[in-house]
There are 2 protein chains.
Amino acid sequence: MSEQPSDTEQRFLAAYDAGEFERPSVTVDLTVVTADDGALRALLVRRDEHPDKGSYALPGGFVGPDESLDDAAARVLREKARLDHVHLEQLYTFGAPDRDPRTRVITVAHLALVDAKRLQSALAEDEAVVVARLRVPWEGERGGPVEALDRDGRPLKLAFDHGDVLGTAVKRMRGKLDYAPIGFQLLPRDFTLRQLQDVHETVLGRPLNKDSFRRRMLASDHLTPTGRRERDVEHRPGELYRFRRTSAV
Amino acid sequence: MSEQPSDTEQRFLAAYDAGEFERPSVTVDLTVVTADDGALRALLVRRDEHPDKGSYALPGGFVGPDESLDDAAARVLREKARLDHVHLEQLYTFGAPDRDPRTRVITVAHLALVDAKRLQSALAEDEAVVVARLRVPWEGERGGPVEALDRDGRPLKLAFDHGDVLGTAVKRMRGKLDYAPIGFQLLPRDFTLRQLQDVHETVLGRPLNKDSFRRRMLASDHLTPTGRRERDVEHRPGELYRFRRTSAV
DNA sequence: TGAATAGTGTCTATAAGACAATATCCC
DNA sequence: GGGATATTGTCTTATAGACACTATTCA
């Protein structure tokens, strides 16, 4: 390992000779995901410029010089979707050399979870912005790219590697759902157990046992009963619960 | 959303006016982790240059212009630890603006799992390279920084945010161990159930039920009995098993 | 023979799935 | 009342933990 010091040396020099290394552009891209009407949906923006003009891309932006990655993601979310205070986590970093035909762009993808109504109402009427239904062509957590569909169920052309990014988002959500309270993030403040189960089934892409689901959720310490019941339904209304911010753990 | 097009515009321009955006340096850093003698260990390199001279850093390097992130990580692993064909996965991307005092450096941390003997034999005698024992000051998957200890059990000074990076690595390992076959990556090709349980307990930082562990592992479809038994032990030797690359899933 | 761990069999507690019965709301 | 779903209770099955017992190797 006699070549060992060369790295630290290089790092040191890099600080004073930025020209020595070709630096990539670094962006954050956001998968803003919601669950509605039995399907996952994601926020997409139609590209009006080349390359991939006319295709749909995830909202994204460059990371500012004095901005952390999380801050950049939160800023993009505010600017593009007018959303604040939503669940936001880093997802995966995509850096294939040719993923953007213009120049080297490394993107740190983030996952944002929003309740469907809130997402819809946050968006102004803008034809360039859509909340597209996702089609997941794989089961469980196998992973792989995901398709986005327009209103008529036809696939939208996705820009760059954004189909892979969305696939990674769905895989992450499926993986976390079993042990982390992320289902609540996709629902309004008050919700019934049925709505929560619908969301879980939508994320997982498979039906769940109702009895077992109820038991698990009620035993999970995440739910607080509100004492109120849902309204305007054509059947016996279920009790409304609220997510309890778990104090410990 | 009338400001919408500005992003795509910016991206487009960026390709032709690189000076408009201050680009960060992008590196990969590697947490090369092994389990030995009841403790997790990680490969660290003593820094001979400022900043943080004399402290210990994760092996890392710049991402080349035509290199994917995974390729860069594999290259660093070859160069720094002479290791090839080990389990390697992307871990998390660290990008706090001030994490490196010289310039903006965003690092894509990776996790590499190696069996202890192989790691030791791959390293030449180089005082600057150590396989330091890790002390994990938290339970379960709570997360947080991790300490590295020298031979005498004294904490080593870790460079930059590398204590956080190592903490993220341990958290990831604990999280995956339950459902992913990563324990095998920390063992030689042939191993006994006892050795596998030791590794699991080392990663998780807590004892496991022996009976239940055996049953789960034997039912897991990941183990192939070799028909041979361990040697040179002072008690009844256990059967040697081998990891079976799971065909499906 | 004794020490130490490997490996097997059985019992119990717990959680999930299946199913039935009752309760409650809207029409 | 009829339709639909909520909610409760019971039974069955799979799995984890606990424990007792036997097997095998080396000193």
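Residue numbers start from 1 in every chain, and the chains themselves are labelled A, B, ... in the order their sequence lines are given, proteins ahead of strands.
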Does a distance-only test, which skips hydrogens and angles, find a donor-acceptor pair under 3.5 Å between the side chain of A:R215 and the base of C:dG17? yes
Answer yes or no: does a side-chain N or O of A:K210 lie under 4.0 Å from OP1 or OP2 of D:dA6? yes
Among C:dA23, D:dT8, C:dC25, the nucleotide that comes nearest once only the side chain of A:R214 is considered: D:dT8
Taking the side chain of A:P237 as heavy atoms from C-beta outward, which of C:dA18, D:dT5, C:dC25 is closest to it? C:dC25
Spacing between A:R216 atom CZ and C:dT14 atom C1', to the nearest angstrom: 15 Å
Roughly, in whole Å, what's the span from CD in A:E234 to P in C:dC27? 7 Å
If the cut-off is 4.0 Å, is A:R194 near the phosphate of D:dT5, judged by side-chain N/O to OP1 or OP2? no
A:E89 atom CD: more than 12 heavy-atom contacts under 6.0 Å: yes
If you measure only the distance, is there a donor-acceptor pair under 3.5 Å linking the side chains of B:T107 and B:D29? yes
Could you check B:F213 against A:L218 and say which one's nearest nucleotide on DNA chain D is further toward the 5' end? A:L218
Which whole-number value in Å describes the distance from A:E230 CD to D:dA6 P? 7 Å
Side-chain contact test, heavy atoms from C-beta onward, threshold under 4.5 Å: evaluate it for B:E139 versus B:R206 and give yes or no. no
Tell whether B:R236 reaches the base of C:dA4 with its side chain through a donor-acceptor pair below 3.5 angstrom. no
Could you give the CG-to-C1' distance, from B:D232 to D:dA27, as a whole number of Å? 14 Å
Salt bridge or not for A:R154 and A:D152, using N-O below 4.0 Å? yes
Could you state the CG-P distance from B:D211 to D:dC19, rounded to the nearest angstrom? 10 Å
Ignoring the backbone of B:N209, work out which of D:dA16, C:dG7, D:dA18 is nearest its side chain. D:dA18
Please report, rounded to the nearest Å, how far the C1' atom of D:dA16 is from the CE atom of B:M217. 13 Å
Let me know the distance between CG of B:D178 and P of D:dA16, rounded to the nearest Å. 11 Å
Checking C:dG7, D:dT7, C:dA4 against the side chain of B:R229 (C-beta onward), the nearest is C:dG7
Integer-rounded Å distance: D:dT7 P and A:L193 CG: 7 Å
Answer yes or no: is there an ion pair linking A:R194 with A:E230, defined by an N-O contact shorter than 4.0 Å? no
